[in-house]
Q: 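Got a structure for you, written out below as structure tokens; questions coming shortly.
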Amino acid sequence: MMHAPVLAPLTVADLDEVAVIEKISFTAPWPTSAYTTELTTNRLARYVGARINGVLVGFGGIWLMVDEAHITTMAVLPANRRAGVATILLLELLQEARRSGARVATLDVRVSNVEAQSLYRSFGFAEVGRRIRYYDDNGEDALVMTTAELESPTQLEIEVALRTRATERLAHA
Ligand SMILES: CC(C)(COP(=O)(O)OP(=O)(O)OC[C@H]1O[C@@H](n2cnc3c(N)ncnc32)[C@H](O)[C@@H]1OP(=O)(O)O)[C@@H](O)C(=O)NCCC(=O)NCCS
């Protein structure tokens with residue numbers, strides 16, 4: 001049985017483990033210095049890590065702006081994917097967004113990243129636009145996706161269902 005991930009805010013002490021996941025997960029990884037800035041000077045930023053048996057298996061981040069929250073990153077160790085870890089992290093980030101008073105959450109995702117798009121669609125994120133040639137490394141477009149109103153019954157129902165399912169799944173993994 002895979003233990004449920006334990007969530008906690010990321011700190012600079014976590015950044016060596018973040019770098020490992022980052023390099024495996026992204027074609028253009030953020031340098032550790034970018035995370036240090038996020039954690040120490042960006043007052044809008046919140047980063048959450050997920051640990052299983054003490055090992056960092058995933059993390060995600062969000063910027064809490066006045067009425068909008070923006071998901072900045074999300075990654076899970078390959079060996080721990082498809083077990084609901086990103087779902088648990090995103091549920092936590094959206095709760096945080098709601099607590100901060102955000103009305104909706106948005107994000108950018110590579111058009112080729114169908115896995116992540118599928119995760120986001122399961123949360124009710126829908127495509128609202130496209131940023132042309134947004135990514136410098138390969139000139140790829142970004143899809144801009146947004147949730148329904150975070151306090152709407154539709155959005156809350158989606159999240160309740162996802163939490164129930166993720167909890168059951170982790171218990172049986
Ligand atoms: C995207 C990512 C964070 C998903 O993490 P995860 O912990 O495996 O996600 P979950 O197990 O919570 O998956 C939830 C849902 O997302 C979708 N999904 C996740 N991985 C998928 C895949 N490889 N193929 C298709 N759908 C996928 C599915 O709908 C899945 O639900 P299901 O398993 O019931 O079908 C992970 O694949 C990753 O780290 N990728 C590399 C980094 C990245 O692309 N980050 C996003 C940048 S915007």
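Both ligands and their constituent atoms are indexed starting at 1 by order of listing.
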Q: What do you think, any protein heavy atom under 4.0 angstrom from atom 4 (C) of ligand 1?
A: yes
Q: For the side chain of Arg81 and the backbone of Val76, is there at least one donor-acceptor N/O pair under 3.5 Å apart?
A: yes
Q: Heavy-atom distance to atom 13 (O) of ligand 1: which of Thr87, Val109, Leu162 wins?
A: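 Shortest heavy-atom distance from atom 13 (O) of ligand 1: Thr87.
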Q: Taking the inter-plane angle between the rings of Tyr35 and Tyr47 on a 0 to 90° scale, is it parallel (under 30°), tilted (30 to 60°) or perpendicular (over 60°)?
A: perpendicular
Q: Got a salt bridge between Glu168 and Arg165, using NZ or NE/NH1/NH2 to carboxylate O under 4.0 Å?
A: no
Q: Who's closest to atom 44 (O) of ligand 1 heavy-atom-wise, of Asn80, Asn113, Ile24?
A: Asn113
Q: Any N or O of Arg165 that comes nearer than 3.5 Å to an N or O of ligand 1?
A: yes
Q: Just go through Met74, Arg82, Arg81 and tell me whose heavy atom is the nearest to atom 38 (C) of ligand 1.
A: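 Minimum heavy-atom distance to atom 38 (C) of ligand 1 goes to Arg81.
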Q: Test of understanding: given a 4.0 Å heavy-atom threshold, classify the contact between Phe59 and ligand 1 as side chain, backbone, both, or neither.
A: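 Neither; no heavy atom under 4.0 Å.
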Q: Are any of the N/O atoms in Ala86 less than 3.5 Å from those in ligand 1?
A: yes
Q: Quick check: does Gly84 get an N/O under 3.5 Å from an N/O on ligand 1?
A: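 N/O-N/O distance below 3.5 Å exists for this pair.
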Q: Hey, does Leu39 have a side-chain heavy atom less than 4.5 Å from the side chain of Leu15?
A: yes
Q: For ligand 1, is there an N or O atom under 3.5 Å from any N or O atom of Asp108?
A: no
Q: Does any N/O atom on Ser25 come nearer than 3.5 Å to any N/O atom on ligand 1?
A: no
Q: Side chain, backbone, both or neither: which part of Arg169 has a heavy atom under 4.0 Å from ligand 1?
A: side chain
Q: If you measure every N/O of Val76 against every N/O of ligand 1, is any gap under 3.5 Å?
A: yes
Q: If you take all heavy atoms of Glu149 and Gln155, which pair is closest and at what distance?
A: O-CB, 3.4 Å
Q: Under 4.0 Å from a heavy atom of Ala83: which atoms of ligand 1 are those, numbered in the order shown and with their elements?
A: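 Result: 11 (O).
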Q: Can a donor-acceptor pair be found, under 3.5 Å and without considering hydrogens, that links the side chain of Glu140 to the backbone of Ser112?
A: yes
Q: Among Val111, Asp108, Asp141, which residue satisfies the side-chain contact (heavy atoms from CB on, under 4.5 Å) criterion with Tyr135?
A: Asp108
